[in-house]
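This report concerns only the one structure given below.
Keep in mind that the numbers below use all heavy atoms, side chains included, and drop hydrogens, waters and symmetry copies.
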Protein chains: 2
Amino acid sequence: MIGIFDSGIGGLRVVKEVFEKLPLYKVIYFGDLARSPYGTKSPKTVIRFSRQIAHFLVQKGAQVIIIACNTASAHAAEVLKKEFSIPIFEVITPAVKKAIQKTKNQKVGLIGTWSTIESQAYQKSFKRFDPEGKIQLFAQACPLFVPLVEENFIHRPETKKIARYYLRALKHQGIDTLILGCTHYSLLKKVIQNVMGKKVELIDSTEVVDDILAEMAQKNLLSQLNKGFGHQFYFSDVPRNLEVLSQRFLGQKLSHLKQIDLDEVL
Amino acid sequence: MIGIFDSGIGGLRVVKEVFEKLPLYKVIYFGDLARSPYGTKSPKTVIRFSRQIAHFLVQKGAQVIIIACNTASAHAAEVLKKEFSIPIFEVITPAVKKAIQKTKNQKVGLIGTWSTIESQAYQKSFKRFDPEGKIQLFAQACPLFVPLVEENFIHRPETKKIARYYLRALKHQGIDTLILGCTHYSLLKKVIQNVMGKKVELIDSTEVVDDILAEMAQKNLLSQLNKGFGHQFYFSDVPRNLEVLSQRFLGQKLSHLKQIDLDEVL
């Protein structure tokens, strides 16, 4: 089974892509809604939560894990890769590789949560894949984007105003490529594109899944995974708006939804 | 010691009031920043978290507990009152009593998180203190107010626009009293007052503390509490902006700050 986890429902965008690209494989998802969002929390806490979730997914039979959450990818990917024997994938590396491919003027923007931006994880990844430092990276935290998406303010004028405010400096820098470093932001793609102009290429988590799956295929991992039906969706909390939100992110109803308290399991 | 807890830093408004009114008493505070906010979470989860925190505060020597968080008050106050032998105070009852005293046209508004509004806790409290149902209560969830305050968007025009959007219906109803049913909202008092007009009286958590302390005095609880210096501030996470935020809410620097993982303690 392919284990996928996120701080909440944002990772369902990644699940959606996996469903489309690998319809025969089973997915086990964990959304940490009891403790979401992660984007405002410290590295130590994000690592602790991610470790708990990875243990849970492995217990439940995950054979690979995709960390769909950017903040968890930023803080916990290296730790989990060391501590777990199964392959761990994260969403930062493929986004950085794609940005390096796509930029023409060598000016790339990055937006994400506070915790992601301050982790310097993207910055470090750029240093790895662009060791000569040809590319300039401009980072901007956009903390209100997550609650705006969750409160369905996607099409409201206030959101456009806030987007203009956040993106002003990036626009001024003349970037031609912008990494949406948070799964929630892909729902604001139109607003962001509108503010940044048509010439700026947006890279979001949806595209990144392709590369993760290609890497899985390349490493011969897919042949080792169990096929079959019966996806499983676990959440640490089931709040009032889970159904509406999951529909918004996944594009379909959640089946086999279960609530689980990680404190009690582990 | 007076135990005070909140989902995060909002309850520091209550601590501030206690410091001013009862400068000789020791306070022990717990802010659940690793799992905040509570306002988007289910009743079951909010009760579970509140119970853990109350156990922790009692272990540390709390002789009374004030639940500073409206969402926790709404879902967990009754449960905690049954399960714990020490006196438990919450912020809803005094706000309701005050609103009943203050309204002249018998039209009261309530704003809060989704979880607080949907709990019907305020509505039930009104039924108790206004059994004849003379007062009409109009409730409105304002979920974006919490992140707007935490991101320091207090004075930005977007916040005023969002406030106008949320408060439109309440204004239309002609309420003369508005309960700010979330500790964060007291930082938006000016914006809210501005949108609602001068004639609408706002009731916020700060005022409510007076009544809780008066009730404590009346029940002879204050004489039984240990006096002395050495307040203690516990948080389940210490994120980057804790210092700035606590300054904003408490009006002073936090002393004796400790991070604690509740999972490990309990």
About how many Å separate [atom2] of [Y] and [atom1] of [X], when rounded to the nearest 0.5 Å?
X	Y	atom1	atom2	answer
B:D261	A:K44	CG	NZ	5.5 Å
A:W114	B:N241	CH2	CG	8.5 Å
A:L148	B:E158	CG	CD	10.0 Å
B:F153	A:Y165	CZ	OH	5.0 Å

Which atoms of [X] approach chain A - backbone, side chain, both or neither, heavy atom under 4.5 Å:
X	result
B:E151	side chain
B:Q259	side chain
B:Y38	neither

Between [options], which shows the greatest number of heavy-atom pairs under 4.5 Å with chain A?
options	answer
B:T45, B:D237, B:D32	B:D237
B:P43, B:A34, B:S115	B:A34
B:R35, B:R240, B:E118, B:K161	B:R240

Side chain, backbone, both or neither: which part of [X] has a non-hydrogen atom closer than 4.5 Å to chain B?
X	value
A:T159	neither
A:L33	backbone
A:E150	neither
A:L242	neither

Subject >> Flag, side chain of A:K41 to backbone of B:S36, donor-acceptor distance under 3.5 Å >> reply: yes

Original post:
Taking everything shown except A:E243 itself, do over 12 heavy atoms lie less than 6.0 Å from its CD?
Top reply: no

* **Within 6.0 angstrom of B:K81 NZ, more than 12 heavy atoms from elsewhere** => yes

Checked A:P37, A:S42, A:P239 vs chain B; the most non-hydrogen pairs under 4.5 Å come from A:S42

Using side-chain heavy atoms (C-beta onward) and a distance below 4.5 Å, is A:T40 in contact with B:L245?
no

